[in-house]
Amino acid sequence: MQNIFDIDEWKIIETSFDPKKQLAAESIFSIGNGAFGQRANFEESYTGESLQGSYVGGVYYPDKTRVGWWKNGYPEYFAKVLNSCNWIGIDIEVDSEKLDLATVQVKHFYRELDMRNGTLTRKFTCELKNGKIIQIKSTRFCSMNDDEIAAISYSIKPINFSGNVTFIPYLDFNVRNSDSNYNEFFWKEINKKSSTSESFISAVTKKSDFNVVVAFNYTISKDGEHLNVNSTKLENKLYVANKFEVLIEQGSEYILEKYVTVISSLNHEKDLESIAVNKAIQSKKNTFHKLLNNHIKSWHSIWDNADVKIEGDLKSQQAIRFNIFQLYQTYTGNNAKLNIGPKGFTGEKYGGATYWDTEAFCLPFFLKTSPKKVAKQLLIYRYNHLKKAILNAEKLGFHSGAALYPMVTMNGDECHNEWEITFEEIHRNGAIAYAIFNYIRHTNDKDYLLKYGRKVLIAIARFWVQRVNWSNKKNKYVILGVTGPNEYENNVNNNWYTNYIARWCILYALKTDNELGKNHGSLISKEEESKWQDISENMYLPKINNSNIFLQNDGFLDKEFVKAEQLSNNDRPINQNWSWDKILRSVFIKQADVLQGLYFFEEHFDIQTIKENIEFYEPYTVHESSLSACIHSILYSLVKEEEQAYKMFLQTVRLDLDDYNKEVDEGLHITSMPGSWLSIVEGFAGLRIRNNKLVLNPTLPNKWKSYSFNIIFNDQIVNFDIRNDKILIYNKGGNSIELSINGRDIQILENNKIKIEC
Ligand code: BGC
């Protein structure tokens, strides 16, 4: 595959300007800080193709739903994270000609995303139509140290002239969502002010009434010396700017530093305007340099925990860091109102809403790379939505505290309205329960379980208990009319994955309640308990006769068994080239389905069974969801099919950088990014947590000399360094830890290293 951007271990680099690549580059070079983020649009005007995108986490609009035929139980709206104020804007005019990379002649161009330091830098030289040549350098960041602050340093140097340059730093809320259903405009202006020292816009979202205030101020210098300029203020609807002219001298460098604050009513109840303005004033006092240093320090401490080092494969090294970087730009765990949209802050597809992706893919990553409060916030988010999940289930006819969590949500309300997903893709409930289990086995946080987790588990179990049917014919409980993770099958009966996870949820809720019940009383009645037992003992789990293969769903074997490798390039991706009718009748599997279940519940099966199931399902899987290849990679590692594991890993880790699915211009696949980290840590290294012990069964991909990563376990950091001939383990914490390495039990004392020869 041809590289779209240069390969470097810590950087993503673009060395020429290609307008055709601009949309993709805007996604790839996105920056954010968990609270807000933006695509890599240019500061100055750009009339070429671009998706202007600045998003504030949790600030959404309930966009009127679009649906062909209404069904009871559909939600009224689809929440969308809003494209918000363009705060990077700095218009530049050189002797009255506007700087616009779509119209000038670009001589040199360099763009760099520095992942270690969290900065986006651009340098270019261009010749304007009037013959003037200028050199521009810009650096910006969304502060990880204070997630309400961003700053830009924008420098201009005249190369072949001295002349007049007009600077217009501005804020502009006149932004639309490209995914708006009825092309409505979502913002209303509340207040604004433009002045030399402080400018701001306060705007509110229509219907949802979120208030966002963005403020800015700036400094301008010549060759490092502060310049006093006379500026005029510009104000238009939802727009404020300052405009000033500087006579620039050939060879000198002029730097505009723009300090921005983004404040929202999500975090502040009152005085948003003064908070925003004061923070901008304070930022200016602090100076760009100091803000940047604090930001860099915050990134370094994230990397100290979360970095993965790979020796011998630069492409993988770059890509895994890119994935980790983007994940931490999207979610920091600072705020339980926020979650992780499939595109993060890099695009609008999926509306920035929460999917099962969070629990199934993102949580295991944050759980092992961050202090436990980060993963806990994700669980608290769902706990806070429990009442709504119960109401959602009631709307569909369930009762007695049964909860059906939404497939797509912003605030707990279901937002999705395609019946096969809204009503049928109920396996999402299972992923939420599984995430609780995962969190507890990592942290043993019984307090969380008692206060929050148990209630969620019981409500989910109650849903499954009411969702099953007794089949006289099968003499078993069945689950009818579902869509499994493989969305290329709808309204099927007995999706193995769904039945399996439903049964497991019931058992896990029972076990949890029994354990906590001893000291804190039970929350379920004896009658309920025996019903739950009965269902879990008699759940129908379809299997292909005389084999170890779990049957994806009833009727699957009636399909025509054509392998995915027989599809031509014109067919793929089938979701863009085939009718839905053709897809549904085909055997092709969008993403891991039975295999997703084997991944979650690996301990329940022997290796041979897992191997036979991968061998059976892989040939029919088209991996048209970004959530798929990583699961196959982890399972291939488990069954020691190393080449396949590596191939699937590459498909995951470089999905966006190499634009495998030809859609990176829409944004990045944030929620599948943890999959590449899991493919290394759970896949290649075979790391598991069993009975409060770290278990490791490592392999080294052929191409790699070594790889190393940290795990946060029981609040302490353990570093693993895996090489061909040895494994080095460093327990950086203050307590000893128990491990099992390749089946051998060992203990590592606090602050100790060990070496195991292989
Ligand atoms: C996948 C879902 C996923 C969603 C958002 C879909 O294409 O099939 O499993 O939740 O994308 O990432």
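Remember, it's 1-based here, ligands and their atoms both numbered in the order they're listed.
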For ligand 1, which atoms have a heavy atom of L627 less than 4.0 angstrom away?
->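 Those of ligand 1 that fall under 4.0 Å from L627 are 3 (C), 9 (O).
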
Examine the proximity of ligand 1 to H669 and report which part, side chain or backbone, both or neither, has a heavy atom under 4.0 Å away.
->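 Answer for H669: neither.
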
Option with minimal heavy-atom separation from [atom], where the choices are [options]:
| atom | options | result |
| --- | --- | --- |
| atom 7 (O) of ligand 1 | E425, Q596, E487, K590 | K590 |
| atom 2 (C) of ligand 1 | W356, Y350, F361, Y355 | W356 |
| atom 1 (C) of ligand 1 | H416, Q591, E624, K349 | Q591 |

What are the two closest non-hydrogen atoms of N392 and L404, and how far apart are they?
->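 Closest heavy-atom pair between N392 and L404: ND2-O, 2.8 Å.
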
Greater than 12 external heavy atoms within 6.0 Å of E615's CD =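 Yes, the 6.0 Å shell around CD holds more than 12 heavy atoms from other groups.
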
Y328 ring center within less than 6.0 Å of F365 ring center =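 When the ring centroids of F365 and Y328 are compared, they turn out to be within the sub-6.0 Å range.
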
Identify which one of R39, Q52, Q38, E348 satisfies the side chain to side chain donor-acceptor pair (under 3.5 Å) criterion when paired with N83.
->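 With N83 as partner, R39, Q52, Q38, E348 yield a single side chain to side chain donor-acceptor pair (under 3.5 Å), made by E348.
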
Starting from atom 5 (C) of ligand 1, find the nearest protein heavy-atom neighbour and note its residue, name and distance.
->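 Its nearest protein heavy-atom neighbour is D357 OD2, 3.3 Å.
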
Under the ring-ring contact (aromatic ring centres under 6.0 Å, His included) test, which residues partner W504, sequence neighbours left out?
->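 ring-ring contact (aromatic ring centres under 6.0 Å, His included) check on W504 returns Y434, F437, Y508, F601.
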
